[in-house]
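Scope of the values below: all heavy atoms of this structure, side chains included, with no hydrogens, waters or symmetry mates. The chains referred to below are lettered A, B, ... by the order of the sequence lines, with proteins before strands, and numbering in each begins at 1.
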There are 2 protein chains.
Amino acid sequence: MTGSVLLPVQTASRDDAVLQALVDFVTGEALNPGDRLPTERLLAEHLKVSRTTVREALTRWQELGLVERRQGSGTYLKAVVTRNMLHMPLTLPSGNDFNSLMHTLEIRRGLEAEAAVLCAERANDADLALIEHKLIVMEEAFHVRHGMSADEDWDFHLAVFRTSGNPLFEQIIAAMYEMFHRFWEHPLGVRDFGHASFPYHRTLFNAIAARDPVAARAEALKLIATVEDDLRRGAANLKKQNKSRAAE
Amino acid sequence: MTGSVLLPVQTASRDDAVLQALVDFVTGEALNPGDRLPTERLLAEHLKVSRTTVREALTRWQELGLVERRQGSGTYLKAVVTRNMLHMPLTLPSGNDFNSLMHTLEIRRGLEAEAAVLCAERANDADLALIEHKLIVMEEAFHVRHGMSADEDWDFHLAVFRTSGNPLFEQIIAAMYEMFHRFWEHPLGVRDFGHASFPYHRTLFNAIAARDPVAARAEALKLIATVEDDLRRGAANLKKQNKSRAAE
DNA sequence: TGCCTCAATTGGTTGGACCATTGGGCCAAT
DNA sequence: ATTGGCCCAATGGTCCAACCAATTGAGGCA
């Protein structure tokens, strides 16, 4: 009896190999997003596999958003393809209810706080200048429009994430933003959505500028908390509306 | 000229329709994760489409992690399927270097702490019993093998994430784990990798069982910290090896 | 020049065949 | 009664050859 463990044998399926070969081809030819891939028939011939197998592989890339297929035209690259890509399929069951929206905020709560910490630890003077600039732009937009401006707000947060030195923050939180806003075209009766978060942008910046990770985390959490409050108010509004509508 | 709007012709490709029909079937039959779906041949016959089309649809579900196929056995549901699911597959480039791995740990630091908090707040007695069971299984495996066992370890954390009530934790952290495991297969000189994290599994459970969110966060952070230490040690080992090899 | 037509190209679908793996049932040996 | 080997039906994986449907561009025509 040895302490060793029996590992299952490697059985990489065929279309995995096709995908790998495709990665090699795309990187080898230095293809960029927008470029056209070879015909399915050509790929099948060159890779010595059937067209069916090529199609299964391409279907998987399509589902990941790496590629777009246009009947009669061809298959086009939609994103940069590299070896060692990290696939993260996210799916929310019934993504338009209050709970699902709140779930995206719970992720943001964890990640934005962590990003703020890293940002405060790692920001150099140039980073700070950029973040402050984004902050000022956002504040000006706020005063002009008497309300939060989604783009300028996002730009500010983006600068924070990038300064954290970890590209995953930007990618994942961007996905959360998009999930959130896909069902938030017009706020659920909350006219000044996001209004309450405004002052915490500056306090967050101050904490970062002071290189105070603990304070930065605290301010980031306060900021998210205001968004969660807004969401709860919106849900309450919606409930009221439904009730009065049902009473008719 | 009427005021009506010209909607694009029903362009939902065939396998989109198949997917929709599958959703109806799964919800109608009240299938749960782990249950087996009908044969591809049966589905093709009932839906009046070719088996190829059914396969393309199932391939997409597989890529989203909704379903798992086992040759010779069948196709099994892996997650809850509902109408109005919101999919957002996220794929990002990343390498197998030290920095990339550390980035995944920074994400885990933020998310596992948050998940532990939510878990401590929301766990009921049944949840606690399940988590404790996974913990015991993991501890037994540890004593038998004199080291951490990846599967049992993951099962424990999975139970925590699921109890948090937010499916996004599991999905995001699963991707982080996968990236880590890709690297783990080439052991980097650290024979007892993960060893130090062992005791914190029980302390984490104790905090959750005591419904103490603050303590749960603290224990989760300690656990991740040990993994970060292991990774740093591994990176140092690797560096040393390279240096001595270069000196030959 | 500008428009139309048509044929080649390309992804989408089909039916049918065969391969590889799985899992259960059966049976002989222990 | 249990173990191990064997077979076989069911199931996902791959392949082929043909046809359908959308797109594109070249060539013809007014």
J.: So which one's nearest nucleotide on DNA chain D is more toward 5', A/Thr53 or A/Gly72?
T.: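 So the residue in question is A/Thr53.
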J.: Is any side-chain N of the basic residue among B/Glu114 and B/Arg108 closer than 4.0 Å to the acidic one's carboxylate O?
T.: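 No, this pair does not count.
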J.: In terms of side-chain heavy atoms of A/Arg69, which of C/dG11, D/dG12, C/dG15 is nearest?
T.: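 Between C/dG11, D/dG12, C/dG15, the one nearest the side chain of A/Arg69 would be C/dG11.
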J.: If you only use heavy atoms from C-beta on, which nucleotide in C/dG11, D/dG12, C/dG15 is closest to the side chain of A/Thr39?
T.: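 Within the option list, the nearest is C/dG11.
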J.: In whole Å, what is the span from the CD atom of A/Glu68 to the P atom of D/dT23?
T.: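 The answer, rounded to whole Å, is 12 Å.
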J.: Base, sugar-phosphate, or nothing for A/Arg70, non-hydrogen atoms under 4.0 angstrom?
T.: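 Sugar-phosphate, no base atom in range.
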J.: Rounded off to whole Å, could you give me the CZ-to-C1' distance for the B/Arg60 and C/dG12 pair?
T.: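 To the nearest whole Å, that distance equals 13 Å.
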J.: Can you tell me how the ring of B/Phe169 sits relative to the ring of B/Phe161, calling it parallel under 30°, perpendicular over 60° and tilted otherwise?
T.: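 The arrangement is parallel - the two ring planes meet at less than 30°.
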J.: Round to a whole Å and report the spacing from OH of B/Tyr76 to P of C/dT22.
T.: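 Atom-to-atom, B/Tyr76 to C/dT22, this comes out as 11 Å.
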J.: Please evaluate the base of C/dG16 for a donor-acceptor partner in the side chain of B/Arg51 within a cut-off of under 3.5 Å?
T.: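 Such a pair does not exist between side chain and base.
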J.: Rounding to an integer number of Å, can you tell me how far A/Leu43 CG sits from C/dG12 P?
T.: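 Rounding to the nearest Å, CG of A/Leu43 and P of C/dG12 are 13 Å apart.
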J.: In this structure, how many angstroms lie between the P atom of C/dG11 and the CH2 atom of A/Trp61, rounded?
T.: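 Checked: the CH2 to P distance equals 15 Å.
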J.: Which whole-number value in Å describes the distance from A/Arg14 CZ to C/dT21 C1'?
T.: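 It works out to 15 Å between those atoms.
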J.: Between A/Leu19 (CG) and D/dT14 (P), how many Å, whole number?
T.: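 For the pair A/Leu19 CG and D/dT14 P, the rounded distance is 12 Å.
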J.: One thing to verify: whether A/Glu40 and A/Arg69 come together as a salt bridge, which I'm taking to mean a side-chain N less than 4.0 angstrom from a carboxylate O.
T.: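 Here A/Arg69 pairs with A/Glu40 in a salt bridge, since their nearest N and O are under 4.0 Å apart.
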J.: For a quick test of reading the model: is some side-chain N or O of B/Arg55 closer than 4.0 Å to OP1 or OP2 of D/dG13?
T.: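 Yes, because at least one side-chain N or O of B/Arg55 sits under 4.0 Å from OP1 or OP2 of D/dG13.
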J.: Can you say whether the rings of B/His143 and B/Phe198 are parallel (under 30°), tilted (30 to 60°) or perpendicular (over 60°)?
T.: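 It falls in the perpendicular class, over 60°.
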J.: How long is the line joining CG of A/Asp15 and P of D/dG12, in whole Å?
T.: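 Atom-to-atom, A/Asp15 to D/dG12, this comes out as 15 Å.
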J.: 5'-most contact on DNA chain D: A/Val49 or B/Arg41, nearest heavy atom basis?
T.: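 Here B/Arg41 is the residue nearer the 5' end.
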J.: Hey, does the side chain of B/Arg51 reach the backbone of B/Ala44 with a donor-acceptor pair shorter than 3.5 angstrom?
T.: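 It does not hold such a pair.
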J.: So which nucleotide from D/dT14, D/dT11, C/dT14 ends up closest to the side chain of B/Arg36?
T.: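 Nucleotide nearest to B/Arg36's side chain: D/dT11.
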J.: With sugar-phosphate meaning primed atoms plus P, OP1 and OP2, does A/Ser73 contact a base, only sugar-phosphate, or nothing at under 4.0 Å between heavy atoms?
T.: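 The answer is sugar-phosphate, as A/Ser73 gets under 4.0 Å only of primed atoms, P, OP1 or OP2.
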